[in-house]
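A quick write-up on the structure given underneath.
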Amino acid sequence: MRRRKHQKTIRIIVCISICLLLIMTVGYAAFSTNLTLTAKANIDPRTTIYVSSSGNDEQGNGTKNKPYATIQKAYEAAASKATIYVINSLSVDKIIMFDQDKNITLSGYEGVQTISRGKLNDAILVATKGKILFENIMFDGLNKEANNSLIRLENCTATLGENTIIQNNIDTGDHGGGLIVRDSNIFINGAQIINNKISLDGNNGGGGILSRNSNITINSGIISNNYARNGGGIWFGDIGSVLTINNGTISENISELNGGGIVLSHAKSIIKNGEIINNKSNDIAGGIYIYYGELTMKGGSIKNNTANKKGGGIYKHSIGTYTYENGIIDSNIPDNLFQE
């Protein structure tokens, strides 16, 4: 009898042990799965990411309810194609680097949001790879002196879309007041590049845009009230580069020497439509200065530009090329076209 009771007790203990083991195994698997899913949620690339001044790069996960604090963190967490929404205004003390082969849209959330320069003495955003679309975003230099443009684009494709504003930068170097472009393809589709300056030391150029070895297409937008030694609005250069103006306005820009509106150097430009108006040079070429460049005018208007010496509308150097097919060149002072 005792033996039977002992065997029964052993069987009960064995059953209980097996049950406990099963429970522990299932529990551990569930716990591990939860950990894996939680970790995966935190590190998986996201296609929609939010950034806010009240966010947190360490504890946030990039959602609207738990946004990141910096665009840099959002960019690093982004999938190969993603949209980064800026919920409110940000002050930047460190360069935002877009240096991966990603297709990124950087946009203000529910209206235009501002990214301004804080203690940073450099560009706010530098892109060296990939594709970028800017929209509903304002880059503001706050009229502080800095040794760079507000934005630097190199070896990339970028579109400056509706409600993109690049303004109030004072570049103390030779980088372009608002935007510097190198080895890139740029599309301006409604952006405003306004109120930027570049220092007058040396042959600095490109108060609004300085472009080297790149293609720029202006479909719409405004480049206005920028200031430089050469190329108050745009300094555009290098063999093989093409500036295409399909529409838009280049106005109220000022240069100390050449090209209040545009300097065209060793590059081509085709004007199909749009306006180059009310630009000023304190020396020559109020509207466009052609130097080792090729300008073809197929439409649009060059009006009311002024130069203190000559080439109120267009100044063509003897080594430049100018072809007129259509368009309006009128009311420029002291002349509409001066050719060496």
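Of all heavy-atom pairs spanning V263 and G259, the tightest one is CG2-CA, 4.0 Å. Of all heavy-atom pairs spanning S91 and G118, the tightest one is OG-CA, 3.5 Å. Contact between R117 and G141 at its shortest, heavy atoms only, is NH1-CA, 3.8 Å. Summarising the geometry of A158 relative to L153, their closest heavy-atom pair is CB-CD1, 3.8 Å, with the distance given to 0.1 Å. What you find for R152 and I180 is that their closest heavy atoms are CG-CG2, 3.1 Å. When every heavy atom of S255 is checked against every heavy atom of G232, the shortest pair comes out as CB-N, 3.9 Å.
A donor-acceptor pair shorter than 3.5 Å can be found between the side chains of N168 and D140. When only modelled atom types and interatomic distance are considered, N196 and N169 share no side-chain donor-acceptor pair under 3.5 Å. Checked by atom type, the side-chain pair S52/S54 shows a donor-acceptor distance below 3.5 Å. T70 and D57 form a side-chain donor-acceptor contact under 3.5 Å, judged by distance and modelled atom types alone. A donor atom on one side chain and an acceptor atom on the other are not found under 3.5 Å apart for K298 and Y324. The closest side-chain donor-acceptor pair between E256 and N282 falls under 3.5 angstrom. N61 and T63 are linked by a side-chain donor-acceptor pair at a separation below 3.5 angstrom, with hydrogens and angles left out of the test. A side-chain donor from one of N163 and N136 sits under 3.5 Å from a side-chain acceptor of the other.
Using a 4.0 Å cut-off between a side-chain N of Lys or Arg and a carboxylate O of Asp or Glu, R212 and D238 qualify as a salt bridge. For E340 and K310, the salt-bridge test passes: some basic side-chain N is under 4.0 Å from an acidic carboxylate O. Taking 4.0 Å as the cut-off between side-chain N and carboxylate O, D330 and K303 do not count as a salt-bridged pair.
The backbone N or O of S220 sits nowhere less than 3.5 Å from a side-chain atom of N189 that would complete a donor-acceptor pair. Between the T164 side chain and the A191 main chain, no donor and acceptor come within less than 3.5 Å of each other. Here the side chain of S281 pairs a donor or acceptor atom with the backbone of L257 at under 3.5 angstrom. Side-chain atoms of K94 do not come within 3.5 Å of backbone N or O of Q72 as any donor-acceptor pair. Formation of a donor-acceptor pair under 3.5 Å by the S241 side chain with backbone atoms of A267 is not found in this model. Distance alone, capped at 3.5 Å, places no donor-acceptor pair between the E135 side chain and the G161 backbone. Using a distance-only test at 3.5 Å, with no hydrogens or angles considered, a donor-acceptor pair links the side chain of S184 to the main chain of N155. The main-chain N or O of I49 is never found under 3.5 Å from a side-chain atom of R46 such that the two would form a donor-acceptor pair. A distance-only check finds a donor-acceptor pair linking the side chain of N332 to the backbone of N304 [under 3.5 Å].
Separating the OG1 atom in T244 from the CD1 atom in I271 is a distance of 10.5 Å, to the nearest 0.5 Å. Distance check, rounded to the nearest 0.5 Å: CD1 of I333 to OG1 of T306 gives 6.5 Å. Separating the NZ atom in K309 from the CG atom in D283 is a distance of 4.0 Å, to the nearest 0.5 Å. To the nearest 0.5 angstrom, I245 atom CD1 is 11.5 Å from K272 atom NZ. In this structure, the separation between CG on L243 and OG on S214 is 11.0 Å, given to the nearest 0.5 Å. Residue N213 holds its CG atom at 11.5 Å from CD of E154, rounded to the nearest 0.5 Å.
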Item to check | side chain to side chain donor-acceptor pair (under 3.5 Å) between N219 and N247, intermediate numbers included | outcome: CA-CA 5 Å; N219 294 314; N247 216 320; over 6 Å; no

Item to check | Derivation and outcome, side chain to side chain contact (heavy atoms under 4.5 Å, CB included), residues V126 and I96 | outcome: CA-CA 6 Å; V126 175; I96 302 165; over 6 Å; no

Next on the checklist: Walk me through whether D171 and S149 qualify under side chain to side chain donor-acceptor pair (under 3.5 Å).
Outcome noted: CA-CA 6 Å; D171 174 26; S149 303; 4.9 Å; no

Checklist entry - Does the side chain to side chain contact (heavy atoms under 4.5 Å, CB included) test come out yes or no for T47 and T83, once each step is laid out? => result CA-CA 6 Å; T47 57; T83 298; over 6 Å; no

Item to check | Residues I314, N336; criterion side chain to side chain contact (heavy atoms under 4.5 Å, CB included); working and verdict | outcome: CA-CA 6 Å; I314 299 173; N336 289 318; over 6 Å; no

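Hydrophobic clustering, with ILVMFWY side chains joined whenever heavy atoms are under 4.5 angstrom apart, groups I132 together with M97. Both V92 and I71 belong to a common hydrophobic cluster when Ile, Leu, Val, Met, Phe, Trp and Tyr are linked at side-chain heavy-atom distances under 4.5 angstrom. Residue Y292 is grouped with residue W235 when hydrophobic side chains (ILVMFWY) are merged at heavy-atom distances under 4.5 angstrom, including chains of intermediate members. V242 and I276 fall into different hydrophobic clusters, where Ile, Leu, Val, Met, Phe, Trp and Tyr residues are linked whenever their side-chain heavy atoms come under 4.5 Å apart, directly or through other members. Residue I151 is not grouped with residue I222 when hydrophobic side chains (ILVMFWY) are merged at heavy-atom distances under 4.5 angstrom, including chains of intermediate members.
Within the 4.5 Å cutoff, side-chain heavy atoms of L125 are placed close to those of L106. Between I329 and M297 there is a side-chain heavy-atom pair separated by less than 4.5 Å. Looking at E325 and T296, their side chains come closer than 4.5 Å, going by heavy atoms from C-beta outward. M138 has its side chain within reach of Q167: a pair of non-hydrogen atoms, C-beta onward, lies under 4.5 Å apart. In this structure, T217 and I186 have side chains that are not in contact, with every pair of non-hydrogen atoms separated by 4.5 Å or more. Residues I216 and I188 have side chains in contact (heavy-atom distance under 4.5 Å, counting atoms from C-beta outward). In this structure, the side chains of Y289 and I284 come closer than 4.5 Å at one or more pairs of heavy atoms. Looking only at side-chain heavy atoms (C-beta outward), L179 and L160 come within less than 4.5 Å of each other.
Among I194, T249, I218, the one residue that satisfies the side-chain contact (heavy atoms from CB on, under 4.5 Å) test with I223 is I218. When each of Y291, F338, Y322 is checked for a ring-ring contact (aromatic ring centres under 6.0 Å, His included) with Y315, only F338 meets the rule. With N305 as reference, N279 is the one residue of N279, N253, N278 to meet the side-chain hydrogen bond (donor to acceptor under 3.5 Å, both in side chains) rule.
Under a cut-off of 6.0 angstrom, the local environment of CD1 in I95 is crowded, with over 12 non-hydrogen atoms contributed by other residues, nucleotides or ligands. Atom NZ of K316 is surrounded by more than 12 heavy atoms from other residues, nucleotides or ligands within 6.0 Å. Within a 6.0 Å radius of NZ in K129, no more than 12 heavy atoms belonging to other residues, nucleotides or ligands are found. Residue Y85 places its OH atom among 12 or fewer non-hydrogen atoms of other residues, nucleotides or ligands, all under 6.0 Å distant.
Both the sub-6.0 Å distance and the 45° axial angle are satisfied by K102 relative to the ring of Y75.
Within the 6.0 Å centre-distance limit, the rings of Y50 and Y109 are counted as a close aromatic pair.
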